[in-house]
Amino acid sequence: MKPLPGFRDFLPNDYARRDYITSHWRDAARRFGFVEFDGPMLESAELYEKKNSGGEILTQLYQFHDRGDRPVALRPEMTPTLARMVGMHHRTFAKPLRWFSIGNCFRYERQQRGRLREFLQFNCDLLGERSPAADAEVITLLIHLLKSFGFGPKDFVIRLSDRLVWQHFLEQHGIPSDKMTELLAIIDKIEREPEERTKEKLAACSSVLSLRRIHEFMSNPEDSALAPLLSELSSRGVREYVQPDLSIVRGLAYYTGIVFEAFALHGGLRAIAGGGRYDNLIYHLSDGAASLPAVGFGMGDAVLLEFLKSVPLAASQEEKYINAQRPCQIYLIIADETYRNETVALASELREKGWRILFSLSPERVGKQFGAAQDAGATLAIVIGAEWPVMKVKQLSTREETEMSRDALFQRLDSLFHA
RNA sequence: GUGGCCGUAGCUCAAUGGUAGAGCUCCAGGUUGUGGUCCUGGCUGUUGCGGGUUCGAGUCCCGUCGGUCACCCCA
């Protein structure tokens, strides 16, 4: 029996990697004053259907009827749940809200590298603040986070754009607002599709707008309405990671202002995170119960896991962290079974002090026990036998061994450990 | 959802259409108090599944499921 396609078992090693990721997510969010929340993984299908996160995602819904015949769906993203919760409870909290979540999301789509049907998603949202400073905070959080994984300016870039900029541009050229979405979709694909195809689609959509004019406009992003945000990012010392790029539009329909994506600069991976400003979404999703401007981003664990593997510094940092979480710090070696009870009692004492302790559960050769200590990642091995109550304390890395009493051991354990 | 490639032991892989193998891992030993090496022995497969061609299929053909890559889209 295997897990369902696109779903994963987490063996201890996999879980350690996942723990590495989630602990960094939490640390980064907390450094920016964000607080964690969670919601149900199963929601009413209506939450996604009527109010709509934006087209495509609906076709990827894990949707069914529960035993009470309610139409339900596994959450494909966190934002609708967030909006629902904020709509109900926002009066309880001072604005702006800085909320983050780490939760499983589900999308029924064909899997490939970095894309699964069940994945962990990290979401950071700042609600109730309209200024570019809010945008800057969220983007800076994302950059700090990526840096904390060991990624540098040569590994990733934040590509930044603004839908409002396009909106003004299209209005200036007399494009009716109902054509706006269609045109943004064309612009979104401008890099990925052949020029001929783009020209065709453009002509079908508007008679006045030429591809050449669009390219001209895109070549000077610095002068646009992005300037205040770029200045905020400079103040925060992260400007070098941000590259204004008006070709970024993003598929989700609900973005109303800035949009951005974190891109890996090598390894052929997709965007590792994406987000933007969505000032109307809370209003729509909460049925008008709340109206809060918002900016946020999401990051999935599937792509990140691949990205971590591909960057040597990030990979070695991860390995170091995981090694420090080894299951055992001190292994008690029973050299003489006569002293098993004493050993077990000592193990309990040490465990109560907070140390991670292992010992062999059945009689084993001393050599084997040393092997087990090694495998479990122990720093110290303590040999207990005929000389009890004196013990031999051995530093496994240096093979240095000293004899000491129980009291001496407890006094010196901290220093022994950090030696 | 569309197309290409792949599917053999727990893992990595081998086997001109002719009796399914190796390395690693795991387990047990190398005699009774000292670990990453070494030596010996042991376990595991309806060759993803179902059909077909053939005297004979891991190998060829079809289907299916799973994996993977590209497209689409996205975390």
Side-chain angles (χ1 to χ4, degrees), chain A residues 1-9 11 13 21 25 53-60 75-79 101-124 142 185 188-189 192-194 197 248-253 259 261-264 268-276 296-307 328 331-339 360 362-388 391-401 403:
Chain A
M1 286 288 278
K2 289 197 284 188
L4 290 167
F7 286 72
R8 294 170 287 178
D9 288 330
L11 295 171
N13 261 338
I21 287 175
W25 283 347
S53 325
E56 179 91 16
I57 219 165
L58 283 182
T59 66
Q60 304 172 341
R75 64 182 177 208
E77 59 166 338
M78 207 60 200
T79 309
S101 68
I102 294 171
N104 296 66
C105 295
F106 305 84
R107 292 180 199 175
Y108 192 89
E109 59 183 331
R110 197 137 160 188
Q111 63 165 327
Q112 55 182 266
R113 166 175 279 231
R115 185 173 73 186
L116 303 161
R117 287 180 173 177
E118 175 265 319
F119 53 95
L120 261 195
Q121 198 180 61
F122 174 53
N123 278 268
C124 284
L142 173 57
D188 184 42
K189 292 193 175 95
R192 285 171 283 166
E193 284 191 330
R197 181 94 186 91
I248 304 293
V249 177
R250 292 187 63 74
L252 291 176
V259 290
E261 294 182 334
F263 257 86
L269 293 164
R270 305 166 303 118
I272 42 185
F297 71 86
M299 172 185 277
D301 72 325
V303 192
L304 188 57
L305 280 167
E306 300 295 331
F307 192 35
C328 176
Y331 198 101
L332 305 184
I333 288 174
I334 306 173
D336 181 342
E337 281 295 322
T338 316
Y339 297 93
S360 172
S362 53
E364 295 278 12
R365 286 182 8 242
V366 169
K368 238 185 145 175
Q369 294 184 60
F370 268 100
Q374 173 88 24
D375 286 346
T379 302
L380 297 180
I382 300 180
V383 182
I384 292 150
E387 50 286 86
W388 181 264
M391 297 164 274
K392 289 178 176 169
V393 178
K394 186 167 183 177
Q395 202 86 35
L396 284 173
S397 57
T398 60
R399 297 179 178 243
E400 201 178 314
E401 192 172 84
E403 295 203 348

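What you see below is based on every heavy atom in this structure, not just the backbone, and it leaves out hydrogens, waters and symmetry mates. First the proteins, then the strands, lettered A, B, ... as listed; each starts at 1. The shown structure was predicted, so the numbers you read here are calculated from the model rather than taken from an experiment.
For residues 369-378 of chain A, no residue pair satisfies the salt bridge (Lys or Arg N to Asp or Glu O under 4.0 Å) rule, not counting sequence neighbours.
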**Secondary-structure string, 5' to 3', Watson-Crick or G-U under 3.5 Å, | for another-strand partners, for RNA chain B** = (((((((..((((....[..)))).(((((.......))))).....(((((..]....))))))))))))....
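For A:Arg8, the side-chain hydrogen bond (donor to acceptor under 3.5 Å, both in side chains) criterion is met by A:Asp301, not counting sequence neighbours. Residues meeting the side chain to side chain contact (heavy atoms under 4.5 Å, CB included) test with A:Val366, sequence neighbours left out: A:Ile333, A:Ala335, A:Phe370. Take A:Arg107 and apply the side-chain hydrogen bond (donor to acceptor under 3.5 Å, both in side chains) test, not counting sequence neighbours, and it matches no residue. Remark: A:Glu403 engages no residue in a salt bridge (Lys or Arg N to Asp or Glu O under 4.0 Å) (not counting sequence neighbours). Under the rule for a salt bridge (Lys or Arg N to Asp or Glu O under 4.0 Å), the partners of A:Glu337 that lie at least two apart in sequence or sit in another chain are A:Arg340. Partners of A:Gln121 by side-chain hydrogen bond (donor to acceptor under 3.5 Å, both in side chains), not counting sequence neighbours, listed by chain and number: A:Asn123. Not counting sequence neighbours, the partners of A:Glu109 by the salt bridge (Lys or Arg N to Asp or Glu O under 4.0 Å) test are A:Arg115.
B:rA20 sits 9 Å from B:rG45 when the C1' atoms are compared, rounded to a whole Å.
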Distances under 3.5 Å between protein N/O atoms and the N/O atoms of nucleotides 36-40 of chain B, please, pair by pair.
from	atom 1	to	atom 2	distance (Å)
B:rG36	N7	A:Arg399	NH2	3.3
B:rG36	N2	A:Gln374	NE2	3.2
B:rG36	N3	A:Gln374	NE2	3.0

Collect all protein-nucleotide pairs involving nucleotides 23-31 of chain B in which both atoms are nitrogen or oxygen and the distance is under 3.5 Å.
from	atom 1	to	atom 2	distance (Å)
B:rA28	OP2	A:Lys368	NZ	2.9

Between the protein and nucleotides 3-6 of chain B, are there any N/O to N/O pairs under 3.5 Å, and if so, what are the atom names and distances?
from	atom 1	to	atom 2	distance (Å)
B:rG3	O6	A:Arg110	NH2	2.9

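Between the base of B:rG66 and the side chain of A:Gln111 there is no donor-acceptor pair shorter than 3.5 Å. Not a single donor-acceptor pair, N or O on each side, falls under 3.5 Å between the base of B:rA75 and the side chain of A:Glu261. Evaluation of atom-type donor-acceptor distances gives no pair under 3.5 Å for the side chain of A:Gln369 against the base of B:rU34.
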